[in-house]
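The structure appears right after this line, and notes come after that.
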Amino acid sequence: MSDATLSVTPELAAKIERLDTLLDSIAARHANVKLASSLAAEDMLLTHAILSRNVKIGIFSLNTGRLHAETLGMLDRVKERYGYDIEQFHPQTDAVDEYVAQHGLNAFYESIDLRKRCCEIRKVEPLNRALSDVSAWVTGQRREQSVTRAELHEEEHDGARDIAKFNPLADWTEADVWAYLKAFDVPVNPLHARGYPSIGCEPCTRAIRPGEDSRAGRWWWESRDTKECGLHITTIPVSVVSAPSSAI
């Protein structure tokens, strides 16, 4: 256990130990596995947990072409801190051009269908390519983040891609995440300090107001129950957890 781990509460130290055990177990069970990183707080936590311990889990990010400059800047910060180049996946140029020509650059404001189509082009299709050569992927999702994630499981089966999916931070609170980031001095996206708890594409993300749900700034013009982009909606719970009971 590191000095940083010793500086946190016993409860968080236990979660950190379990997280490390889970990540080791995932890497042991799957020769090809990747973390999908949004370069926001939870994914930077996982990036540190993976790279600081040389866990054999690859890391990639979806460069949608509409990200904040601050988010793209995190790629360099990861390189500087860990000596690791996060792999980037971009949308297909032809698909983007066709969407813009038919509907307009910011047509996603006009309807849920057009917003989801934009997410499909800029996020879902690149994600499918990113995961085409793996048997499992890892996300930074947490149950506390939104109503659409309240039943989130630590291990699921991604039915759309027929691979395993792991959410090792499922039961972590926002306070847990930030305590970890502070304890280990993990680089964080500067947008967080400006009121962005959840960070996506620039035109679809705003800072939240005091008391708002942490995902209120994502697709703020829609109702709460539609606020997913299609990356995390086709999973089936797996009853067998991915770490031995001694780590719980």
A side-chain contact here means heavy atoms from C-beta on lying under 4.5 Å apart; do R142 and N167 qualify? no

Residue pairs passing the salt bridge (charged side-chain N to carboxylate O under 4.0 Å, His left out) test with at least one member in residues 88-104, sequence neighbours excluded, are none

Are the side chains of H48 and L181 in contact, using a 4.5 Å heavy-atom criterion? no

Pair D176-T173, side-chain donor/acceptor within less than 3.5 Å: yes

Do K165 and E155 meet the salt-bridge criterion of a basic N to acidic O distance under 4.0 Å? no

Contact list for residues 14-35, test ring pair (Phe, Tyr, Trp, His ring centres under 6.0 Å), sequence neighbours left out: H30-F166

Just to verify, what does D85 make a salt bridge (charged side-chain N to carboxylate O under 4.0 Å, His left out) with, not counting sequence neighbours? K79

Quick one: does V134's side chain get under 4.5 Å of V33's, heavy atoms only? no

Tell me, with the steps shown, if R53 and D20 meet salt bridge (Lys or Arg N to Asp or Glu O under 4.0 Å). CA-CA 9 Å; R53 300 173 51 250; D20 290 344; 3.7 Å; yes

Find the distance between NE2 (H68) and CG (L39) and round it off to the nearest 0.5 Å. 12.5 Å

I would like to know whether S135 and N32 meet side chain to side chain donor-acceptor pair (under 3.5 Å); could you show each step before the answer? CA-CA 6 Å; S135 60; N32 297 305; 5.9 Å; no

Stepwise salt bridge (Lys or Arg N to Asp or Glu O under 4.0 Å) test for D113 and K116: CA-CA 5 Å; D113 286 343; K116 289 185 175 180; over 6 Å; no

Sequence neighbours excluded, which residues qualify as salt bridge (charged side-chain N to carboxylate O under 4.0 Å, His left out) partners of D133? K34

Who pairs with R129 by salt bridge (charged side-chain N to carboxylate O under 4.0 Å, His left out), at least two apart in sequence or on another chain? E125

So, the side chain of Y84 versus the backbone of I59: is there a donor-acceptor pair under 3.5 Å, distance only? yes

Testing the 3.5 Å rule here: is there a donor-acceptor pair between the side chains of H157 and D162? yes

Would you indicate whether the side-chain heavy atoms of P187 and V78 approach each other to under 4.5 Å? no

Determine whether a donor-acceptor pair (N or O, by modelled atom type, separation under 3.5 Å) exists between the side chain of S25 and the backbone of T21. no

Are any non-hydrogen side-chain atoms of I208 and P197 less than 4.5 angstrom apart? yes

Check whether the side chains of N63 and R122 place a donor and an acceptor atom closer than 3.5 Å, and report yes or no. no

Are E174 and V177 close enough that some pair of their side-chain heavy atoms sits under 4.5 Å apart? no

Do R117 and I112 have side-chain heavy atoms sitting under 4.5 Å apart? no

May I ask you to test the L131-F60 pair for a side-chain heavy-atom distance under 4.5 Å? yes

Determine, for E154 against R18, whether the closest basic-nitrogen to carboxylate-oxygen distance falls under 4.0 angstrom. yes

What closest approach, in Å, do P168 and T139 show between heavy atoms, and which atom pair accounts for it? CD-O, 3.5 Å

Hydrophobic cluster identity match, L169 and I50, side-chain contacts under 4.5 Å: yes

Please list, chain by chain and in numerical order, all residues satisfying salt bridge (charged side-chain N to carboxylate O under 4.0 Å, His left out) with R81, sequence neighbours excluded. none

